[in-house]
Number of protein chains: 2
Amino acid sequence: MKQKITIKTIAKELGVSTSTVSKALKDSHEISKETKDKIQAYANLYNYKPNSLALQLRNQKTKVIGVILPKIVHHFFSTVIMGIEEGAIEKGYHIMVCFSNESYAKEVETLKVLSNGSVDGLIVSIANETLKNKDFKHFTDLVSEEIPLVLFDRVVDDILCDKVVVDDVGAGYKATKHLLDNGRKRIALITTPKHVNVGTLRRQGYEKALIEEYIKTDKNLIVEIDENSDVRKQIEFVFNQEIDGVFAVNEIYAANAMRIAKEKGLNVPKDFSVIGFTDGLISEYSSPSITTIAQHGFTMGKQAVELLIERIEKETEVYSPKKIVISSNLKLRESTKPSS
Amino acid sequence: MKQKITIKTIAKELGVSTSTVSKALKDSHEISKETKDKIQAYANLYNYKPNSLALQLRNQKTKVIGVILPKIVHHFFSTVIMGIEEGAIEKGYHIMVCFSNESYAKEVETLKVLSNGSVDGLIVSIANETLKNKDFKHFTDLVSEEIPLVLFDRVVDDILCDKVVVDDVGAGYKATKHLLDNGRKRIALITTPKHVNVGTLRRQGYEKALIEEYIKTDKNLIVEIDENSDVRKQIEFVFNQEIDGVFAVNEIYAANAMRIAKEKGLNVPKDFSVIGFTDGLISEYSSPSITTIAQHGFTMGKQAVELLIERIEKETEVYSPKKIVISSNLKLRESTKPSS
DNA sequence: TGTTAACACGAAACCGTTTTCGTGATTTTT
DNA sequence: AAAAATCACGAAAACGGTTTCGTGTTAACA
């Protein structure tokens, strides 16, 4: 890379001290107009830009926020990133994005690297493997180092930090209630393994809605998907039962379920209703389009980053972690058009 | 944030100089075993981590790569990010991600901020507005500052830097040829405005395939989508003509076209074929699933970052820009099952 | 005319680390 | 026993800025 122009260069070239240059560039009253003009003209001519590393070192802050996501090729997470970035830019921050790829080891490593001073704070959604392990030491260490941290979506209560989540129980309830209202009686649930807490919470909502209608939850109608083996096969399994609707905790499962239903000759939404989670493009463009729970990823991201920046910039010693719950809502589409 | 432990702290605490601490932590032979043990033990105990800002300043490199994308909630771009990140991590780099949101102003601003020393190099896909403006000064400035830059997908030849693109002409050709081979005669093209060069290139491939079959390109079969107004309406327009197939330059347009075709009572793929670009989830999960040109975003990202890092680390003064062309291939699905 | 204030600038410390070059104290060599 | 080599460590500069605190010169005031 070309030799960059620095304050020193300018100082030497113009026969003044670095302090004078620094002050002149900040339009300090200490410096005479002529000197300022001369220095500023020179700086402009040679396109001087203050070296941000030097400033970061001096100010002891980077104006960078680290973001660690389990994955990115995913509508929800990419929407969240959008929100985080927008919120960050508004406050003069930038984001450094890393992925854990759902791996515990990579999450630990990334957290370690980012917490060595390269970022002012972190926004994280926990990797699946970590949730399974239940080993959160890398997070609690971060907290005890007092590095600002905000967890979102996939959070755990043991980690004492700010959190942003969707109202998963409520969402599960709304989704199931909607199916019941449409007259469905035997509703399958396609969810994640228990360690993924969002899945568990959505399941609670599902069960709550059923109980209210005096329907006993039937274990055979519930399938916990193991992403390491054939997802489609596992979903097909539930179709061995007699069912008239399905609530899936994400849109991939929902799309798969609908496809299977159609292949089995079921007419969606006439004979069979489908409802998913994450209001992504699949739900919008599949046919029939799929009713979903909208997660408001953008809002989540924005709230998370605002929370974090507040935490970073507030020097208050006493600090009680906040938890923001974003309410989700139903996005009605063709897959649950009332069966006449 | 808690007061971080530094080399100075250790030095003072242990009554040695900072140089000794620094050397001891690097296991230098200059330091006696006892002193090293003592210092290392202390560092471990208090969980000392070298401040990365100080290192970056001293080494004059950040090991960070800036990435500027037009958008992220998009299958292709998020796949590219994955590739970039993986390649970066492998070489000990991290990525700083920003979005231009297709805006010229934000692109200029972001480029300026990132080129002040916070990154060692940049990977960019140009914003639509910039392509329309044809104002690339912010890029050429970067090049003349000799800041390593790699452009991908949306590139322009005037900027002298490394580039990674897909074989858009070839891809357009393959897609159109495939439709022709399926016996389609009146093939609509749904593309972008002319300033988006990838659209223009794909169109060239389309025209080339038609010419080979002695079919004259019919302007009425081509629609250039303006994203600022109703996309669906614009696509519908082309259905006023008699057509038996459509080639769309991205999957959203393809999905829309297929939906309209179905609404018009056309049977896909029996009466009508659809082929898209970007092998995303929509194409996979819509019904019928949509044949696409796979863009290999992951590969593009990885190649781009490898090119960039090579450029960053090679101190060779003479440097001739490279252009890597990634060949795309057809992913056959239901929307173009041969009409019997 | 002597004192004080305002002005315009520079010296030096600081942020946290690395690294070159001394240097005094041992140990080895002759 | 004197010279040379080795050892174990420290001082200081450097990376590129900012900022506090002088300080010499000039202008204003009594």
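Every value quoted in this text rests on a predicted model; they were computed, and no experiment measured them. Here is the naming used below: chain letters follow the sequence lines, and residue numbers restart at 1 for every chain.
Counting any heavy atom pair closer than 4.0 Å across all strands shown, A/Lys49 reaches sugar-phosphate atoms only and no base atom. Among the protein residues, B/Ile7 comes within range of the sugar-phosphate backbone only, with heavy atoms under 4.0 Å from sugar or phosphate atoms but none that close to a base. Residue contacts for B/Leu57: at a heavy-atom cut-off of 4.0 Å it reaches a base atom on one of the strands shown.
Within a heavy-atom distance below 4.0 Å of DNA chain D, the residues of residues 19-32 of chain B found are B/Ser19, B/Thr20, B/Lys23, B/Glu30, B/Ile31, B/Ser32. Within residues 34-46 of chain A, no residue has a heavy atom under 4.0 Å from DNA chain D.
When all heavy atoms of A/Lys323 and A/Asp157 are compared, the closest pair comes out as NZ-OD1, 3.4 Å. Scanning both residues, B/Val143 and B/Cys161, for their nearest heavy atoms gives CG2-CB, 4.5 Å.
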(request) For B/Thr9 and B/Thr6, run side chain to side chain donor-acceptor pair (under 3.5 Å): C-alpha distance rounded to whole Å, both residues' side-chain angles, the deciding distance at 0.1 Å, then the answer. (result) CA-CA 5 Å; B/Thr9 330; B/Thr6 72; 3.0 Å; yes
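Between the NZ atom of B/Lys36 and the NZ atom of B/Lys26 there is a distance of 13.0 Å, given to the nearest 0.5 Å. Within the model, atoms CD of A/Glu107 and OG1 of A/Thr110 stand 8.0 Å from one another, a figure rounded to the nearest 0.5 Å. Residue A/Thr35 holds its OG1 atom at 12.0 Å from NZ of A/Lys23, rounded to the nearest 0.5 Å. Here the CG-CG distance, from B/Leu53 to A/Asn116, works out to 8.0 Å after rounding to the nearest 0.5 Å.
Evaluation of the side-chain hydrogen bond (donor to acceptor under 3.5 Å, both in side chains) test over residues 59-73 of chain B, restricted to residues two or more places apart or in two chains, returns B/Thr62-B/Asp120.
Listed pair A/Lys8 / D/dC15 meets the phosphate criterion, a side-chain N or O lying under 4.0 Å from OP1 or OP2. Look at B/Gln60 and you'll find a side-chain N or O under 4.0 angstrom from OP1 or OP2 of D/dG16.
By the ring pair (Phe, Tyr, Trp, His ring centres under 6.0 Å) test, B/Tyr93 pairs with no residue at all, sequence neighbours left out. Checked against ring pair (Phe, Tyr, Trp, His ring centres under 6.0 Å), B/Phe76 has no partners two or more places apart in sequence or in another chain.
The interatomic distance linking B/Asn116 (CG) with D/dG17 (P) rounds to 10 Å, in whole Å. Distance B/Lys12 NZ to D/dA11 P: 13 Å, rounded to the nearest Å. At whole-Å resolution of the value, CG in A/Asn59 and P in D/dG16 are 17 Å apart.
Panel note: side chain A/Lys2, backbone B/Ser144; a donor-acceptor pair is recorded below 3.5 Å.
Protein chain A contacts DNA chain C from C/dA8 to C/dG16, reading 5' to 3' and using non-hydrogen atoms of the protein with a distance under 4.0 Å.
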